[in-house]
Amino acid sequence: MQIKKRWFVFMAFIALISIVGIFIPEEQGLWEFVETEECTSSNVAWMITATIFVLMMTPGLSLFYGGMVGKKNVISTILQSFIAMGIISILWVVVGFSLAFGNDVGGLGLIGDPTQYFMFQHVGAKPEPYLTSTIPLALYALFQMKFAIITPSLITGSFAERVRFSAYMVFMILFCLIIYCPLAHWTWHPDGLLHKWLDIHDFAGGIVVHASSGVAALAGAIFLGRRQSSKDHHLPANIPFVILGAGLLWLGWFGFNGGSGLAADGTAIKAFLNTNTAGATAMMTWIFMDCLRGRKPSGMGAAVGAVIGLVAITPCADVVTTSMSFIIAVITTLVCNIAVHWRESSSIDDALDVFPTHGVGGITATILTGVFSYTGLIHGGVGEFVNSIIGVVIVIVYTFILSFGLYWITNKMIPMRVSSKSEKMGLDVSQHDESYAFSDSAEREIAEYFDNHDDEENRDF
């Protein structure tokens with residue numbers, strides 16, 4: 001009965017906003033597009049394409065993570081990323097965009113007015129010069145929506161193979177409202193705390209996306225504790241999935257970084273070039289490091305290295321030279337590689353190394369932005385370098401404390417960790433009644449499991 005009530009609340013929320021939407025009228029002329037000198041059709045066409053690319057990164061991440069976990073948890077891991085496309089899209093339209101990019105409340109640079117764009121009111125084909133004059137406000141909101149979608153998806157890799165699906169959805173909602181939207185406002189809104197007071201340069205989400213998700217992942221791994229099953233149980237189920245996912249992420253990153261200038265211009269071309277260069281450099285750096293350690297070059301290593309390089313260039317793709325993208329990728333890859341090996345020897349079970357790659361990568365890249373940007377440390381910009389460090393510290397502290405608190409709150413509402421029997425059986429079956437194991441023996445194992453454990457404790461999702 002507890003399960004039914006839980007899902008009734010989710011359904012009631014959808015029903016409520018559906019009813020509310022009936023009574024919100026649309027402004028006359030909201031969707032009349034008038035081309036201007038800045039807001040051109042070419043900008044609109046490119047940004048629609050870039051937005052599609054960024055959305056494609058979430059299915060790419062699903063495959064990237066799904067191939068890394070054990071065969072009993074492939075579907076659950078893929079779905080944990082994929083479901084964000086549904087939940088965050090709805091949340092963003094209802095209130096998320098307002099919290100992140102609405103007019104600043106109280107002049108403190110902390111949060112946007114939740115009523116300004118409630119249910120996407122006033123969001124249409126006309127640009128909003130305060131946010132962007134190069135594309136319509138609706139397109140800007142959609143582009144930012146895709147960033148909001150992938151951020152909580154990144155976190156899932158840290159607590160893979162042991163989290164209850166319904167609890168994860170609750171946490172995702174809370175994370176978006178209480179952590180992601182404020183950080184987006186601080187960093188990307190003209191009146192935001194980090195933007196206005198520290199002049200932090202985060203072109204496409206080094207701290208808003210990667211540092212925040214990585215730190216929240218670390219908090220989640222600590223909160224949920226280690227997995228119970230043997231190491232062999234966690235052998236990657238499908239390396240080709242990992243490589244395919246990395247390829248889709250790489251392709252999507254061209255929209256992620258290339259679109260963040262919000263125009264079809266030289267900045268987009270430069271970001272595109274720097275993104276590809278950093279991804280390629282990091283991929284080869286990771287492979288060479290594995291070989292130096294006496295390991296064989298691997299598909300997993302190539303995929304992970306490429307993603308780290310893409311993370312490395314994210315905050316600075318527009319403000320560094322192409323030649324500098326090499327050193328940024330190399331340094332970030334070295335730091336992340338060390339972090340991964342540290343994690344392996346620690347007691348923290350960050351299942352897919354989200355913090356050592358995305359968290360450490362985003363933090364390192366943001367600091368390196370303060371070093372290598374046109375106004376950075378190597379050009380005499382000590383202030384920008386110091387501000388980058390201050391901004392990173394603020395984000396780390398805020399995200400870790402708040403996310404740990406959100407895990408605790410969520411756990412009080414719905415236990416976040418599945419039972420030991422469900423974990424042993426695998427989340428594909430215990431949470432979703434599906435299986436990636438196609439053999440007859442696997443199907444017999446599943447049937448036998450439900451014959452012996454057909455109760456709410458082990459089928460609670």
Heavy-atom side-chain contact between [X] and [Y] under 4.5 Å:
X    : Y    : result
Y168 : Q431 : no
Q144 : W188 : yes
I83  : S153 : no
L198 : I394 : yes
F64  : M68  : yes
R162 : R226 : no
D104 : K196 : no
C181 : W92  : yes

[X] vs [Y] aromatic rings, parallel, tilted or perpendicular, using cut-offs 30° and 60°?
X    : Y    : result
H210 : W253 : parallel
Y140 : F101 : perpendicular
F404 : F223 : perpendicular
Y407 : F171 : parallel

Exercise. Just by modelled atom types, is the L310 backbone N or O under 3.5 Å from a matching donor or acceptor in the T314 side chain?
Worked result: yes

Exercise. Would you find a donor on one side and an acceptor on the other, under 3.5 Å apart, between the side chain of D290 and the backbone of P297?
Worked result: no

Problem set entry | Trace of the side chain to side chain contact (heavy atoms under 4.5 Å, CB included) decision for M119 with V94 | CA-CA 4 Å; M119 296 288 282; V94 175; 3.8 Å; yes

For this session: Begin with the C-alpha distance, continue with both residues' side-chain angles, and end with the deciding distance and a verdict on side chain to side chain contact (heavy atoms under 4.5 Å, CB included) for F203 and I313.
Result: CA-CA 9 Å; F203 184 58; I313 202 65; over 6 Å; no

For this session: Please check if atom CZ in F272 has more than 12 non-hydrogen atoms from other residues, nucleotides or ligands closer than 6.0 Å.
Result: no

[atom1]-[atom2] distance between [X] and [Y], expressed to the nearest 0.5 angstrom:
X    : Y    : atom1 : atom2 : value
N103 : S98  : CG    : OG    : 9.5 Å
I401 : L406 : CD1   : CG    : 12.0 Å
L174 : I179 : CG    : CD1   : 9.0 Å
T132 : F143 : OG1   : CZ    : 10.5 Å
L193 : H185 : CG    : NE2   : 9.0 Å
I328 : I367 : CD1   : CD1   : 12.5 Å

Problem set entry | Distance-only side-chain donor-acceptor flag, N257 / T275, under 3.5 Å | yes

Problem set entry | No-hydrogen, no-angle side-chain donor-acceptor test under 3.5 Å, R227 and N73 | no

Exercise. Partners of M85 by side chain to side chain contact (heavy atoms under 4.5 Å, CB included), sequence neighbours excluded?
Worked result: L55, T58, P59, F82, I149

Exercise. Of all residues at least two apart in sequence or in a different chain, which pass the side chain to side chain contact (heavy atoms under 4.5 Å, CB included) check with A365?
Worked result: P315

Exercise. Do F256 and F147 pass the ring pair (Phe, Tyr, Trp, His ring centres under 6.0 Å) test, and can you show the C-alpha distance, the side-chain angles, and the key distance before you say yes or no?
Worked result: CA-CA 8 Å; F256 198 76; F147 285 73; 4.4 Å; yes

For this session: Report the C-alpha separation of L368 and V320 in whole Å, then their side-chain angles, then the decisive distance to 0.1 Å, and conclude whether the side chain to side chain contact (heavy atoms under 4.5 Å, CB included) test is met.
Result: CA-CA 10 Å; L368 292 179; V320 297; over 6 Å; no

Problem set entry | side chain to side chain contact (heavy atoms under 4.5 Å, CB included) assessment of I207 paired with L194 | CA-CA 11 Å; I207 54 177; L194 299 182; 4.0 Å; yes

Problem set entry | D428 versus K71, closest heavy-atom pair with distance | OD2-O, 3.8 Å

Problem set entry | For D350, side chain to side chain donor-acceptor pair (under 3.5 Å) partners two or more places apart | none

Problem set entry | Option from T332, I308, V307 for which side-chain contact (heavy atoms from CB on, under 4.5 Å) with T357 holds | I308

